[in-house]
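Given the structure is predicted, the values throughout are model-derived calculations rather than measurements. A note on names: the letters A, B, ... follow the listed sequences, proteins ahead of strands, and every chain is numbered from 1. Just so it is clear, the values below take in all heavy atoms, side chains as well, and ignore hydrogens, waters and symmetry mates.
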Amino acid sequence: MNIQTLLNQRIQAAMVAAGAPESAPALTRQSAKVQFGDYQANGIMGVAKSLKMNPRELAQKVVDGLDLSDIAEKVEIAGPGFINIFLKNAWLGKELMALRQSERLDVPNVAAPETVVVDYSSPNLAKEMHVGHLRSTVIGDAVVRTLEFLGHRVVRQNHVGDWGTQFGMLLAYMERLRSESAEISMALSDLETFYRAAKGCFDEDEAFANRARELVVALQSGDKDCLALWDEFIDISLTHCEETYKMLGVSLERQHVMPESAYNDDLQNVVNELQEQGLLKEDQGAQCVFLEEFANKEGEITPIIVQKTGGGFLYSTTDLAAVRFRQHTLEADRVLYFVDARQSLHFQQIFTLSRKAGFVKPETQLEHMPFGTVMGSDGKPFKTRSGGVAKLSSLLEEAQERAYQLVSSKNPDMNEEELRNISRVVGIASVKYADLSKNRTSDYVFNWDTMLSFEGNTAPYLLYAYSRVASIVKRSEMDIASLTGEIQVEASQERALAMKLCQFEEAIQQVANDGMPHFLCAYLYELAGTFMTFYEACPILNAEEDVKNSRLQLALNTASTLQLGLSLLGIETLERM
RNA sequence: GCGCCUGUAGCUCAGUCGGAUAGAGCAUCCGCCUUCUAAGCGGACGGUCAGGGGUUCGAAUCCCUUCAGGCGCGCCA
């Protein structure tokens, strides 16, 4: 149930009835302050201006024609022409009961499901996943889960880098190990070390470097032995990724991998099509597209190179092929790219060219969902203590270890197995939540102490709030299903909680529209805080029977909302901590 | 040189596409455990929204400009 949408529709209709054009937005929002009610409509002033009317008079006309008597206690006009709406407690209680009886918290499936292709995670298989892959993976996964929950058809695309010159070096090193009859699978168990060793040989050994270049050519021309070696490498590297996904609780699986190499056979076709359309121009030996959209003031255009001198293709070519595949084979209505903000020019070029070349339908949405960099406390990109790039798997292990220190000091009597499980959930949740709760587009500072803190907008605080609710429910020893009595909204803390609970759908809608999970995080944090206040002020188990029944249902609603919300973020909950 | 992004409380961050008196958390200070988990709750302090112009009923938000920082810009991805 979406209060904002409901009110907005009703007010909009009343505005039209009062003489406003259909296109005039009611701009209904949650109120900024309690004295302005629960929701406020801000659209009157703008319309009044365009109609050359007195805004207060128009507001009065709108309110006269607006019947909210079933849901609102009071509707008033304030300031220059705001309409403030105060909802009825009884109505909130009734809505909450509907919410209780619905497995999906009364959030309907979208009326018109879209096919949404989501490109996220996309690590380079030459190396192990590092901290730089965290944001794309975690944010992309949260958006994917939210879109799916709303009823869209989501196609995950893990556009992994499995092609390119650095693979020649890696294959040459595999070959060398094999000739020395060394154990390759062991060497590949740590890809980071393997990569460095191969790079070392490449830089210092001329013969090795030449062999590496030969292997690139052999690989690209489809040499069988070479491909077999490459397959072996890719498989092991993908297995590493899958282990990290599993540890991280990310829904990506092998079936979602659509590697760069899969587009190889189509790259020449892409270039040919651009040629046929007269978009291609040879410049300094390379095949380029010059789009006037990317000209500077002097008229100089930054070209898109789609084929190198000598015939090789580039990532632009692959991305164009991917756009075509996503449109024609996957039948996307919307394609989301969770890729580093530094590539925004590249994507603008790809999107513009794709439209110009007819690779996508005009109505298909191509959206780059850029994200900022994870920084260290020094304000520079996050590194390990030794100064290297932090391996994601090591980072996640450290998170669990740090969580263990905290959890075990708070629960000295708890058994080891449960301690380990709690610290696993808390550790992983902390890392993910720290990332998800920040505005996607800005850089953020990675800080163990703040992300593992129980204070503020953190995973431990939310998990603690959830376990507190869970504990109440358990102690009540009531049959949850039999709790069907009325939910009474009376105390101010009950009202605040009831209102928050009714706003869940508004929060996830924002995540789906903008690809911004931090809206859901902010909502859940506010919900948890509102519950904590309610919990302190309103005794549940010791209350009179009907009050107890009502408050317990508020608690149950809180539990299911926290649990569902966190699950959409890809975060597990704990019954006890 | 050109382009994109960022600049909000001492620190870390929000700010619902122009709305009312700019909000949280940390830190600091003051309160609250014989009652459902004090890993909690309540309160206080804290702001030239980088600076300056402009647009209008109304600007942290839109436009121009200056300053500071980050990142991109033809054969890496």
Side-chain angles (χ1 to χ4, degrees), chain A residues 4 27 29-33 35-36 40 42-43 45-46 48-49 55 78-82 84 122 124 126 161 163-166 260 283-288 290 294-298 300-310 312-316 318-319 340-346 348 370 372-373 375 379-380 406-407 409-411 437-439 441-445 447 449-450 453-458 460-461 463-465 467-476 506-507 510 514 516 518-519 521-522 525-526 529 532-533 535-543 551 555 576-577:
Chain A
Q4 184 182 1
L27 301 177
R29 302 286 137 84
Q30 289 174 25
S31 292
K33 296 195 184 307
Q35 63 263 38
F36 303 147
Q40 60 182 72
N42 301 333
M45 284 86 78
K49 189 185 169 73
F82 295 101
N84 292 338
S122 307
N124 185 341
W163 206 249
T165 46
Q166 76 266 54
E260 288 177 351
D283 192 82
Q284 298 169 39
Q287 297 300 321
C288 305
F290 289 84
F294 299 97
N296 63 17
K297 284 171 195 159
E298 280 72 45
E300 298 157 338
I301 296 175
T302 306
I304 307 165
I305 303 179
V306 294
Q307 191 166 24
K308 295 193 272 192
T309 305
F313 301 106
L314 299 98
Y315 72 123
S316 298
T318 308
D319 277 333
D340 196 303
R342 283 173 293 194
Q343 292 195 37
S344 54
L345 174 62
H346 166 70
Q348 279 177 50
T373 309
M375 308 295 236
K380 294 180 188 149
L406 289 173
V407 175
S409 71
K410 293 288 180 189
N411 301 293
S437 59
K438 269 90 181 176
N439 185 314
T441 55
S442 48
D443 298 343
Y444 79 90
V445 177
N447 184 311
D449 294 332
T450 49
S453 166
F454 287 84
E455 290 160 347
N457 189 6
T458 66
Y461 178 80
L463 293 173
Y464 177 65
S467 70
R468 254 181 148 176
V469 193
S471 165
I472 289 267
V473 174
K474 194 176 169 195
R475 289 179 75 106
S476 75
E506 293 175 30
Q510 281 186 296
D514 305 337
M516 300 271 222
H518 82 282
F519 286 122
C521 295
Y525 175 57
E526 286 162 17
M532 291 288 201
T533 304
Y535 177 95
E536 298 282 337
C538 305
I540 301 171
L541 301 179
N542 301 330
R551 288 181 178 169
R576 201 161 79 111
M577 65 185 280

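Base pairing analysis places B/G18 opposite nothing; no Watson-Crick or G-U wobble pair with both distances below 3.5 Å involves it. B/G31: Watson-Crick or G-U partner is B/C41, with both key distances under 3.5 Å. Partner assigned to B/G23 is B/C13, using Watson-Crick or G-U wobble distances below 3.5 angstrom. The base-pairing partner of B/C76, taking Watson-Crick or G-U wobble contacts with both distances under 3.5 Å, does not exist among the strands shown. Base pairing of B/G3: its partner is B/C71, meeting the Watson-Crick or G-U wobble criterion (both donor-acceptor distances under 3.5 Å).
Nucleic acid contact for A/Asn439: sugar-phosphate only, since backbone atoms but no base atoms lie under 4.0 Å from a heavy atom of the residue. Note on A/Ala48: nothing from the nucleic acid sits closer than 4.0 angstrom, heavy atoms only. Within 4.0 Å of A/Lys410, counting heavy atoms only, lies at least one base atom of the nucleic acid. As judged by a 4.0 angstrom heavy-atom cut-off over every strand, A/Thr373 is placed among residues making no nucleic acid contact. Contacts of A/Cys521 with the nucleic acid, taken as non-hydrogen atoms under 4.0 Å apart, are absent.
The distance from atom CZ of A/Arg475 to atom P of B/C36 is 7 Å, rounded to the nearest whole Å. When rounded to the nearest whole Å, the span between CG of A/Asn411 and P of B/U37 equals 13 Å. Counting to the nearest Å, the P atom of B/U37 and the CG atom of A/Leu463 are 17 Å from each other. Look at CZ on A/Phe82: it is 12 Å from C1' on B/U21, rounded to the nearest Å. Whole-Å rounding puts the A/Phe454 CZ to B/C41 P distance at 13 Å. What separates CG of A/Asp340 from P of B/C5 is a distance of 15 Å, to the nearest Å. In this structure, A/Met532 places its CE atom 15 Å from P of B/C36, rounding to the nearest Å. Computed from coordinates, the A/Met577 CE to B/U37 P distance equals 14 Å when rounded to whole Å.
Nucleotides B/C45 and B/A9 are separated by 11 Å at their C1' atoms, to the nearest Å. Separating the C1' atom of B/U61 from that of B/G23 is a span of 15 Å, rounded to the nearest Å.
Classification of the A/Phe454-A/Tyr464 ring pair by plane angle, with boundaries at 30° and 60°, yields perpendicular.
For B/G74, the base adopts the syn conformation, since its glycosidic angle falls within 90 degrees of zero. Syn is the glycosidic conformation of B/C33, whose angle stays within 90° of 0.
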Using a 4.0 Å cut-off on protein heavy atoms (strictly under), produce a 5'-to-3' string for nucleotides 69-77 of chain B with B for base contact, S for backbone-only sugar-phosphate contact, and - for none. --S-SBBSB

Can you check nucleotides 25-35 of chain B for protein contacts, nitrogen or oxygen pairs under 3.5 Å, and list what you find?
none

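Checking A/Val445 against A/Ala537, the closest nucleotide of RNA chain B that is more toward the 5' end is the one next to A/Val445. A residue-by-residue look at A/Tyr535 and A/Ala522 shows that A/Ala522 has its nearest nucleotide of RNA chain B further toward the 5' end.
The shortest distance between the side-chain N/O atoms of A/Ser442 and the OP1/OP2 oxygens of B/A14 is below 4.0 Å. Regarding contacts with the backbone of B/G23, a side-chain N or O of A/Lys33 is found under 4.0 angstrom from either OP1 or OP2. An OP1 or OP2 oxygen of B/U16 is reached within less than 4.0 angstrom by no side-chain nitrogen or oxygen of A/His518. For A/Lys49 and B/U56, the shortest distance from a side-chain N or O to OP1 or OP2 is not below 4.0 Å. Taking side-chain N and O atoms only, A/Tyr461 has no distance below 4.0 Å to OP1 or OP2 of B/A24.
Between the side chain of A/Gln40 and the main chain of A/Ala32, a donor-acceptor pair closer than 3.5 Å is present. In this structure a side-chain-to-backbone donor-acceptor pair under 3.5 Å is present from A/Asp443 to A/Thr373. Remark: the backbone N or O of A/Ala126 is not paired with any side-chain donor or acceptor of A/Gln166 at under 3.5 angstrom.
When every heavy atom of A/Asn411 is checked against every heavy atom of A/Met577, the shortest pair comes out as ND2-C, 4.0 Å.
Residues passing the ring pair (Phe, Tyr, Trp, His ring centres under 6.0 Å) test with A/Tyr525, sequence neighbours excluded: A/Tyr461. Residues satisfying the salt bridge (charged side-chain N to carboxylate O under 4.0 Å, His left out) criterion with A/Arg576, sequence neighbours excluded, are A/Glu418. Residues that satisfy the ring pair (Phe, Tyr, Trp, His ring centres under 6.0 Å) test with A/Tyr535, not counting sequence neighbours, are A/Phe531. A/Asp340 meets the salt bridge (charged side-chain N to carboxylate O under 4.0 Å, His left out) test with A/Arg342; sequence neighbours excluded. Residues satisfying the salt bridge (charged side-chain N to carboxylate O under 4.0 Å, His left out) criterion with A/Glu526, sequence neighbours excluded, are A/Lys500. Take A/Glu300 and apply the salt bridge (charged side-chain N to carboxylate O under 4.0 Å, His left out) test, not counting sequence neighbours, and it matches no residue. Here A/Phe519 pairs with nothing under the ring pair (Phe, Tyr, Trp, His ring centres under 6.0 Å) rule; sequence neighbours left out.
One cannot find a donor-acceptor pair under 3.5 Å joining the base of B/A20 and the side-chain atoms of A/Gln35.
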